[in-house]
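Just so we're clear, the structure is a prediction, and the values are computed from it rather than from any experiment. Below, read A as the first sequence line, B as the second, and so on, with proteins coming before strands; counting in each chain starts at 1. FYI, side chains are in, hydrogens and waters are out, and symmetry mates aren't considered; it's all heavy atoms of this structure.
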2 protein chains.
Amino acid sequence: MVLKGNSMRNNEERIRVAIAEDHQILRQGIVALLEDEENLNLVFDVGDGLELIEKIKENPVDVLILDLNMPKMDGETCLPIILKLYPNLKIVVLSAYFSEPILNFVLELGATCFLPKLSDFSVLLDAIVSVHQKGFYSIEESKKEKRLNLELEMKENFTPRELEILKLLCEEKTSKEIAEDLFISHRTVEGHKLRIMEKTKTTSTSGIIIFALRKGYFR
Amino acid sequence: MVLKGNSMRNNEERIRVAIAEDHQILRQGIVALLEDEENLNLVFDVGDGLELIEKIKENPVDVLILDLNMPKMDGETCLPIILKLYPNLKIVVLSAYFSEPILNFVLELGATCFLPKLSDFSVLLDAIVSVHQKGFYSIEESKKEKRLNLELEMKENFTPRELEILKLLCEEKTSKEIAEDLFISHRTVEGHKLRIMEKTKTTSTSGIIIFALRKGYFR
DNA sequence: GAGCAACTAGGTAGAAATACCTGATTTTAA
DNA sequence: TTAAAATCAGGTATTTCTACCTAGTTGCTC
């Protein structure tokens with residue numbers, strides 16, 4: 001452990017940070033890196049959403065680093081719950097993949113910032129400080145410095161309806177089943193699927209699903 | 001940075017370790033954690049397979065921590081290449097998911113040890129030391145201590161042929177295309193698919209692919 | 001050598017998906 | 001307000017997939 005006995009700051013002045021991330025190595029790594037930061041106070045780290053909700057009740061934090069894909073209760077589920085309890089909490093969402101639609105989805109849920117796990121650690125640090133001080137963090141800023149994520153930022157530009165259908169396809173539903181779910185004709189669903197296939201440059205349902213899951217949608 | 005000026009060891013006595021992992025936060029985290037270990041000497045860390053092959057030529061290591069899913073050249077591809085160059089190298093493979101078939105696949109490729117990213121960091125440390133000293137590491141040992149990964153160790157018991165077909169399905173191939181690839185009848189492929197659907201409790205190609213990708217096969 | 005699992009492959013029927021086409025209404029943005 | 005985009009939906013033909021069935025060959029083990 002790294003002791004910082006010569007630090008004059010007290011915990012009140014430091015940004016209180018918590019981490020919810022199921023990959024233990026990654027979590028412990030972030031913990032180790034954050035412990036070296038003098039202006040951050042790592043309050044707790046947990047491996048799933050249920051644990052997160054329990055801990056955050058006893059230990060208030062300013063910034064939460066949240067993984068979308070966790071067991072028991074995933075980030076997508078617990079994000080709105082926590083935000084309702086603590087509306088001023090800033091949430092930095094981590095996800096294995098980065099894409100326009102998932103970014104929009106996460107921001108709609110109320111996240112303050114969305115970062116791919118491919119990000120450099122310095123980007124995560126910048127983001128924590130920025131969301132705490134300014135209330136937002138623009139990934140654009142970091143892009144000017146680090147051009148590593150270029151290939152990940154594809155813009156598929158799915159329409160809301162297409163995203164809905166994409167999601168249901170990833171739940172193993174047929175066009176007919178999707179049509180019944182959405183109260184539309186199965187021919188309409190097929191039309192949407194054709195447009196999704198054009199946008200994803202695939203030629204089958206399998207291709208669509210492979211595209212979506214590999215990009216980290218709906219997991 | 002943590003300086004260890006009072007360490008009496010020289011680098012020759014320490015286990016030389018390298019990391020190939022594209023998720024920078026995770027990589028930097030492992031680096032930070034490994035730097036605290038006195039008996040390890042972290043030689044280099046890289047973000048893709050091509051970089052790995054370049055670096056390892058100039059900097060010999062004892063143990064390589066390798067991520068399966070990397071850009072440019074993935075772990076699956078560069079593992080055999082590197083092992084041919086350095087047959088005595090011990091390789092600890094990290095992967096987002098853990099399952100019996102992918103374990104067998106990785107060991108067949110020549111990896112010394114396979115760990116899920118969910119592992120505790122101490123498991124990774126144990127594994128590094130164990131593969132270096134004993135030439136193997138049994139995940140069973142760590143399981144007795146940590147029972148966290150129980151739900152991930154499902155045994156689907158796919159046959160080798162079924163795994164081949166599973167892989168090709170995840171490459172967006174139709175039964176006909178798979179049949180041509182494997183020089184068998186498309187009816188045979190369909191038969192295998194039916195058996196895969198039984199084992200995965202799904203009823204369509206989409207279901208098979210969703211199952212495979214969510215479990216972390218072929219990524 | 002009997003039993004078993006794995007791999008092979010065919011028949012038939014029906015369901016689903018795909019590839020083209022067409023055109024309607026509604027919503028959004030310039 | 002005009003144009004563009006999104007949503008809806010039908011026709012027709014072909015391909016692919018799924019669900020049943022049967023059954024031969026190989027290789028392994030008890």
*For His192(B), answer base if it contacts any base atom (sugar-phosphate contacts may also be present), sugar-phosphate if it contacts only those atoms, and nothing otherwise; contact means non-hydrogen atoms under 4.0 Å.*
base
*Under a 4.0 Å N-O cut-off, is there an ion pair linking Lys193(A) with Glu190(A)?*
no
*For the pair Glu198(A) and Arg195(A), find out whether any cationic side-chain nitrogen is under 4.0 Å from an anionic carboxylate oxygen.*
no
_Check Lys90(B) with Asp62(B), please: is the shortest side-chain N to carboxylate O separation under 4.0 Å?_
no
*Can you tell me the distance, in whole Å, between the NZ atom of Lys173(A) and the P atom of dA17(C)?*
13 Å
*Whole angstrom value for the distance that separates C1' of dA6(C) from CD1 of Ile196(B)*: 13 Å
*Would you check, one step at a time, whether the test side chain to side chain contact (heavy atoms under 4.5 Å, CB included) holds for Leu163(A) with Leu166(A)?*
CA-CA 5 Å; Leu163(A) 270 180; Leu166(A) 200 52; 4.1 Å; yes
_Distance, rounded to the nearest Å, where Leu182(A) contributes CG and dA9(D) contributes C1'_ = 14 Å
*Rounded to whole angstroms, how far apart are CG on Leu169(B) and C1' on dC17(D)?*
11 Å
*Of all the choices, dT7(D), dC17(D), dA9(D), which nucleotide is nearest to the side chain of Arg195(A) once you look at every atom?*
dT7(D)
*Within the structure, does a side-chain N or O atom of Lys176(A) lie under 4.0 Å from either OP1 or OP2 of dA15(C)?*
no
*Between CD1 of Ile165(B) and NE2 of His192(B), what distance do you get to the nearest 0.5 Å?*
4.5 Å
*Using whole Å, report how far CD of Glu162(B) lies from P of dA5(C).*
13 Å
*Report which part of the nucleic acid Arg161(B) touches: base, sugar-phosphate, or nothing (heavy-atom distance under 4.0 Å, all strands).*
sugar-phosphate
*Atom CD1 of Ile178(B) and atom P of dA9(C): how far apart are they, to the nearest Å?*
14 Å
*Of the nucleotides dT8(C), dT18(D), dC17(D), which has the atom closest to the Leu194(B) side chain?*
dT18(D)
*Counting side-chain heavy atoms from C-beta on, which of dT18(C), dT8(C), dT12(C) comes nearest to Thr188(B)?*
dT8(C)
*Examine dG10(C): is either OP1 or OP2 under 4.0 Å from a nitrogen or oxygen in the side chain of Ser185(B)? Give yes or no.*
yes
_With sequence neighbours excluded, residues passing side chain to side chain contact (heavy atoms under 4.5 Å, CB included) with Glu164(A)_ = Arg161(A), Leu182(A)
*Mind checking what makes side-chain hydrogen bond (donor to acceptor under 3.5 Å, both in side chains) contact with Thr112(A), not counting sequence neighbours?*
none
*Please determine, for the side chain of Arg187(A), which listed nucleotide (dT12(C), dA19(C), dC7(C)) has the closest atom?*
dA19(C)
_To the nearest 10°, give me the bend of the helix from dG1(C)-dC30(D) to dA30(C)-dT1(D), comparing the axes of its five terminal pairs at either end._
60°
*Taking only the side-chain heavy atoms of Glu190(A) (C-beta and beyond), determine which of dT18(C), dC7(C), dA19(D) contains the nearest atom.*
dT18(C)
*Distance test, side-chain N/O of Thr159(B) to OP1/OP2 of dA5(C), below 4.0 Å*: no
*Could Lys199(A) and Glu162(A) be called an ion pair, given the rule that one side-chain N must be under 4.0 Å from one carboxylate O?*
yes
*Indicate whether OP1 or OP2 belonging to dT18(D) is found under 4.0 Å from a side-chain N or O atom of Thr205(B).*
yes
*Would one find a side-chain N or O of Thr174(A) under 4.0 angstrom from OP1 or OP2 of dA16(C)?*
no
*Nearest nucleotide by nearest heavy atom, which residue falls closer to the 5' end of DNA chain C, Lys193(A) or His186(B)?*
His186(B)
*Can you tell me how far P of dA16(C) sits from CE of Met197(A), to the nearest Å?*
16 Å
*In whole Å, what is the span from the CD1 atom of Ile208(A) to the C1' atom of dA16(C)?*
14 Å
